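Values below: all heavy atoms of this structure, side chains included; hydrogens, waters and symmetry mates excluded. A note on names: the letters A, B, ... follow the listed sequences, proteins ahead of strands, and every chain is numbered from 1. Model, not experiment: these values are computed from the prediction.
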Amino acid sequence: MEELSKRYSPGDIEDKWYAHWMLGGYFHSEPDEREAYSVVIPPPNVTGQLHMGHILNNTIQDTLIRRARQEGKNACWVPGTDHASIATEAKVVNLLREKGIRKSDLTREEFLKYAWEWKEKYGGIILHQLKKLGASCDWERTAFTMDEVRSEAVIDVFIDLFNKGKLYRGKRMVNWDPSAQTVLSNEEVLYEQEKATLYKVRYQIEGTEDEWITVATTRPETILGDTAVAVHPDDGRYKHLHGKRAIVPLINRKVPIIADAYVDREFGTGALKVTPAHDVNDYEIGLRHNLDVVDVLNPDGSMSAAAIMFVGLDRDKARLEMYKALSVEGHIVGTEDLIHNVGRSERTRVVVEPRLSLQWFVDMKQIAGPALDAVMNGEIDFYPENLKNTYRHWMENIRDWCISRQLWWGHQIPAWYLMQDDEELVFVAKTEEEALESARQQTGRSDLQASALRRDEDVLDTWFSSWLWPISVFDGWKNEKEFNYYYPTSVLVTGWDIIFLWVARMIMAGYEWKEQKPFQDVYFTGMVRDKLRRKMSKQLGNSPDALELIEQFGADGVRYGVMASAPAGGDILFDDKLCELGRNFCNKIWNALRLIKSWNVDPSIEQEEGRKLGIRWIRSRMNVIDAELRQQYAQFRLSEGVTALYSFVWDDFCSTFLEIIKPTYGEASDAESYEAALQVFEEICKLLHPFMPFITEEIWHQLRARIGGDDCIVARIAEKPGEVDEDVIKTLEHILTVKSAVLELRNQYQLSPKETIVLIHPSEEELISLWNKPAAKSILLKLSNATADEGESSGVSFLAGKYQYYAALHIEIDREAELKRMNEELVYYEGFVISVDKKLSNEKFVANASPEVVEKERQKKADGESKIEQLKRSIEQLN
RNA sequence: GGGAGUAUAGCUCAGCUGGUUCAGAGCAUCUGCCUUACAAGCAGAGGGUCCGCGGUUCGAACCCGUGUACUCCCACCA
C-alpha cells in the first residue's frame, strides 16, 4: 500500500486535525474533580498581527498546556486580546485621516463608534492566526480587556483603590507624548542615547553694560519659558551674581539668579537655565525657589502663546529658529556636540515632553509589599531566576503609576467633578447616578442636577486592565466556582521586557484583591532577534511573515525551529534555517512511518533474537528520554527537551532501531517486531505531541485504525517513566561503536555500503564480548552489513572501544599505511597510559578523590594497556 | 551613577554537582555516496589558547580574585 508521499506535506493535515480537535472539544475546559492546569495568554493587541515573538511565546504555552492535558490535568488556556488604547487609537485616527476625517471633528461617541467598527472588523485576526500555529486555547473563553466582564472589573477596582486611599489625583511632572497627545507612565518611556547640540547662550546681567552669564542648553526653544538662572552655591565664578537678575534674551524677561546645589559645576558652563514647566529637575528647583512656571508648549508640541515668539511652530522647528534668532543678536557663545539620553514614547516613538499636569496616580508603595515578598521568598518562581534581582530593584524603588490617558479608546475614568467655591470636588462612582447621589450628600444640595457634574474625559492606561487579567478572565469577582478552580494559574509565559509593565503589576493585583499570587511560575522568554542581533521590528523589515513561514515549513516545523533555540530568558536569534530543521525532522518522522507501513506481516515467522534485543534496547532508551524529559519540563528547559527528543527519534529510533528490526528486503516482518515498532512509535508521538502536535496526531492515526476519541492529543502519558536496562544499553553502545568502526573502514578503503564485509572471529574469544552473545552479534552484523567468519585473526585490524576486530577485505591492503596508522595509535595509547599512571601514582589523588573516580582511572589504565597489547600483536602479524 | 548577564569550533549555542558524557551539538565548509523509508537523505573529514592573568584543589571550561570586551536593565546632567 504505497500511497504515502515521499515528502511530508503539512498544509491539509494541519487544518484537518485542528478542526478535528475543535470538534472533539478538547480545548474546552470546565471545572471538575481533576487537578487544574491553567494558563492565561499574554493578550496581544487586538489590532496586532502574528509576529515571531508571538510564535515563540505561544508555542511555549501550547507545549505546556498540551503536556498537562496528556498528564491528565484539566488544562485550560484562556485566550484573548488587549484593547491597547494608544496603539489602537492611533491606528483608528490614521485610518480616519485617510478617509479625510479628523478626530477633532468627531464627538467621543462618534469616534468610539468608528473604533468599535474597526475592532469588530480587524480585531482578533491574530487569534485566528494563532490557530494556524496549533494553539489549543479554550476559544469559548476568549476575553477582551474592554468587554463587559473585564470592563466592570476595571471600574470596580478603580473605585476600590480610591476608597482605600491608594489612588489619588495630583498635579505632577509627567511624560507627555505630543503625538498621541496623552500622558504616559514611566514604563512607557524608552530612553536611548542620541546625538544633540549643546548651545551656549549668554544672558545679560541686569543693570550692567556688558556683563553676561552663559548657560548651556540642548533646548534653546525653552529659553522662552525660563524663569531663573541657577548656579552652584559654592561656585566661585558666580558668587558675585547671587541675588542679581539676568535678562532672558530676545524676550527680555528679568529672572533671578539663584544658587542651588543641584547644579553641576563641571557641566557646560556651570550655569543652568531654569524652565520649571519643561524639565523635571527644573520643576523641583522651581518649587524650592518659588519660581514662576511658564509653559511655552501646546499639547501637540508646538509653541504656545506664552512663548511669545514662534507661536504655533513645532518644537523642533522652533529650536532652529530660536538658534538663528539668538545668533543674529550675538547671544550664541558656542556650540558643542553632546550625546545624551532622550526619552521616546514606546508607541509613537516621538520625543517625550516633561509636562506638568493633573493626572490620576496609583500609590504603589501601598500595594507593592506582598508582591515583592512573594517573589523573593519563592512563593512565585521566576525562570530564569536572575530576573528576581531586576524585579526586586524595581519594586523597592517603585514610583507612583500614572494611569490616566488623554484618549477615548479605553475605560473611561469613573470620576465626576463638581466646581464649588473655586474648589473642584471629586466623586468616584460606578455610575453617574451614584456620583450625583454622593455629590448631593456631600454638598447638602439635594437639588443638584447631573448636568452640574462633569465626567472625567480621560481613559485608563491599558495596563490598568491587563494587570487584572488572571483574575478577570475567570470573572474573579462574580464567579467563585470558576475562580477558585483555576486561580492561581499555573504558569505565565511572557517576555522579560514587560516584567514591570505587566508581570509585577499582576502580582500586585493578585495580592491586593485576592490575597493570592496570580501564577505559580513565570517563564520569561527572550527577545526574538534577527541574525544580526537586532530586535525584530516593522521598521527594519527584518521580521519574517509568520504565516508565510508556517506556509513554507509547516506549523510543526516552525514550532520546532523556534523551540529548539529558545532557552528561557535567552534571546533567540531567529533564522529560517531553524524552521528548515524542523521541517526536515517532520520529513524524517514521516518516512519512518512510510517504512513501517511498507512492511508485510507474517505471523508465522519466528522473531529473531537480534530483534528481541533491539526492542528491549529501544524501550530502555525511550524510558531514559522519558525521564529526562520530565526533568526538563519541571525546569522549563524546553529547548533541551525537544532537542533530546529529536536526537532520540533520529538516531536511536530511525538510524538504529528501525534498521535492526527492518525485515530483509523482500521478506515479511514477524508480528512481534512489527507490533513493537508501532508501540514505540506511539510513545514517540505522545512525547513529541506537545512540541509538534499536527504530525504526531497524523502519525497516531496512520499507525492504527482508531475509534472515536482515541486521539494523540489526549493520549495519557504514564505516571512514571518505565524501567531501564543498563546492560542492554551498554551492549548496544558497544555494537554501535564497532559498527562505526566498520563504516570508517569502508570509507577508508572506499568500499560501497552494499558490499558485505567479513568480520573475523579472533583467537582470544574472551575479549570479544559480542561474539558470544548471538543476539548482539546478529545486530552487529546486520548494522554493519557484515558476515562472520570463524577463521584466524587476519586481514585488517581495527579497534572498537577496547576490543580489536579483524575484517577480511577482498582487496589488497596497503601494509605500509596500516603499519603507520597502528604505530601512531600505539604512540597515542602509550602516552595515554603514562598520563593515567601518573595520576594513579599520585598519593594525594588516591587519598582524596572519591573511590569511584579512582576506580575509573584504574579502568582507563587497564583498557589502555589492553589496547597497547593488541596493537603490538597486530603490528607483529603484519610484519 | 546603580545593577544584572555574557565570553567555548567560521556561526548559534549545550556543557546541570569540579573528575569518562570533558572539550560537545546543530548549522556552515570540504570529501564520498541517487545504498530498496527519507538527497528535506546517508557515511565521513577538517576546524578549539574553553577571553587574558593570578589563585584554590590531587584535579578547573566549571569555584575564587582580577583585567579586558560586549549585551541588557534601572536612574538620569542641562
Under 6.0 Å from the CD atom of A:Gln631, do we count more than 12 heavy atoms belonging to anything else shown?
no

Residue-phosphate contact under 4.0 Å: A:Lys588 side-chain N/O, B:rA40 OP1/OP2:
no

Could you measure between the two C1' atoms, the one in B:rC13 and the one in B:rG18, and give it in whole Å?
22 Å

Between B:rG48 and B:rG5, how far is it from one C1' atom to the other, in whole Å?
24 Å

Touch class at under 4.0 angstrom, heavy-atom based, for A:Val274 against every strand present
nothing

With a 4.0 Å cut-off, would you call A:Lys273 and A:Asp226 a salt bridge?
yes

Here the distance between atom P of B:rC76 and atom CZ of A:Arg399, to the nearest Å, is 4 Å

Would you kindly compare A:Tyr8 and A:Arg219 by the position of their nearest RNA chain B nucleotide and give the one closer to the 5′ end?
A:Tyr8

Taking the C1' atom in each of B:rG59 and B:rU66, what is the distance between them to the nearest angstrom?
23 Å

Applying a 3.5 Å limit to both distances, which nucleotide forms a Watson-Crick or G-U wobble pair with B:rG1?
B:rC74

B:rC51 and B:rA61, which share atom name C1', separated by this distance in whole Å
12 Å

Between P on B:rC33 and CG on A:Asn785, what's the gap in Å once rounded to a whole number?
18 Å

How far, in whole Å, is B:rA40 from B:rG47 if one measures between their P atoms?
29 Å

I need the CZ-C1' distance between A:Phe585 and B:rA37, as an integer number of Å.
15 Å

Paired with B:rU29 by Watson-Crick or G-U wobble geometry, both distances under 3.5 Å: which nucleotide is it?
B:rA45

Sugar-phosphate, base or nothing in reach of A:Leu573, heavy atoms under 4.0 Å
sugar-phosphate

A:Cys586 near the nucleic acid: base, sugar-phosphate alone, or nothing, with a heavy-atom cut-off under 4.0 Å?
nothing

Using only side-chain N and O atoms of A:Arg637, determine if any of them is under 4.0 Å from OP1 or OP2 of B:rG15.
yes

Any donor-acceptor N/O pair under 3.5 Å between B:rC76 base and A:Asn341 side chain
yes

In whole Å, I'd like the distance from the CZ atom of A:Arg529 to the P atom of B:rU6.
16 Å

A:Arg7 side chain: which of B:rA37, B:rA40, B:rC72 is closest?
B:rA40

Pairing check on B:rU6: which nucleotide meets the Watson-Crick or G-U wobble criteria with it, both distances under 3.5 Å?
B:rA69

A:Asn281 CG - B:rC76 P separation (whole Å):
8 Å

Closest nucleotide among B:rC16, B:rA39, B:rC77 to the A:Lys6 side chain
B:rA39

In whole angstroms, the gap separating P of B:rG41 from CD1 of A:Ile589 amounts to 12 Å

Checking B:rA37, B:rC58, B:rA4 against the side chain of A:Lys844 (C-beta onward), the nearest is B:rC58

Return the pairing partner of B:rC62 with a 3.5 Å limit on both distances, Watson-Crick or G-U wobble; otherwise return none.
none

Within the structure shown, what part of the strands sits under 4.0 Å from A:Glu659 by heavy-atom distance: base, sugar-phosphate, or nothing?
base

For the C1' atoms, the ones on B:rU12 and on B:rU71, what distance do you get once it is rounded to whole angstrom?
16 Å

Over 12 non-hydrogen atoms of neighbours within 6.0 angstrom of CD in A:Glu385
no

Nearest-nucleotide pick for A:Glu640, side chain only, options being B:rA14, B:rG41, B:rG19
B:rA14

Between A:Asn591 and A:Glu266, name the one whose nearest nucleotide on RNA chain B is closer to the 5' end.
A:Asn591

To the side chain of A:Asn389, which of B:rA4, B:rA40, B:rC42 is closest?
B:rA4

If pairing requires Watson-Crick or G-U wobble contacts with both distances under 3.5 Å, which nucleotide is the partner of B:rA39?
none

Picking from B:rA28, B:rG44, B:rG41, the nucleotide nearest the side-chain atoms of A:Trp650 would be B:rG41

For a quick test of reading the model: is some side-chain N or O of A:Asn584 closer than 4.0 Å to OP1 or OP2 of B:rG41?
yes

Give me the atom names and distance for the closest heavy-atom approach of A:Val189 to A:Gly343.
CG1-CA, 3.8 Å

How long is the line joining CG of A:Asp576 and P of B:rA28, in whole Å?
13 Å

Determine whether A:Trp401 and A:Arg505 make a side-chain contact, defined as any pair of heavy atoms from C-beta on separated by less than 4.5 Å.
yes

Greater than 12 external heavy atoms within 6.0 Å of A:Glu659's CD
yes

What integer number of Å spans the P atoms of B:rU36 and B:rG15?
40 Å

Who does B:rU20 pair with, Watson-Crick or G-U, both distances under 3.5 Å?
none

Any idea which of B:rG41, B:rC77, B:rG19 is nearest the A:Phe845 side chain?
B:rG19

Per A:Asn386 side chain, nearest of listed nucleotides B:rG41, B:rG5, B:rA37
B:rG5

Could you give me the CA-CA distance, side-chain angles and deciding distance for A:Arg315 and A:His278, then say whether side chain to side chain contact (heavy atoms under 4.5 Å, CB included) is met?
CA-CA 12 Å; A:Arg315 54 188 170 154; A:His278 300 292; over 6 Å; no

Is A:Leu578 touching bases, backbone alone, or none of the nucleic acid, heavy atoms closer than 4.0 Å?
nothing

Donor-acceptor pair under 3.5 Å, A:Lys577 side chain vs B:rC27 base:
no

Counting heavy atoms from C-beta on, name the nucleotide in B:rC38, B:rC74, B:rC16 closest to the side chain of A:Phe500.
B:rC74

Check this for me, if you would: do A:Asp837 and A:Lys861 make a salt bridge, where the nitrogen-to-carboxylate-oxygen distance has to be below 4.0 angstrom?
yes

Would you kindly give the CG-to-P distance between A:Asn397 and B:rC76, to the nearest whole Å?
11 Å

Give a yes or no on whether A:Glu396 atom CD has more than 12 heavy-atom contacts from other residues, nucleotides or ligands under 6.0 Å away.
yes

C1' spacing across the pair B:rU6 / B:rC50, given as an integer number of angstrom:
14 Å

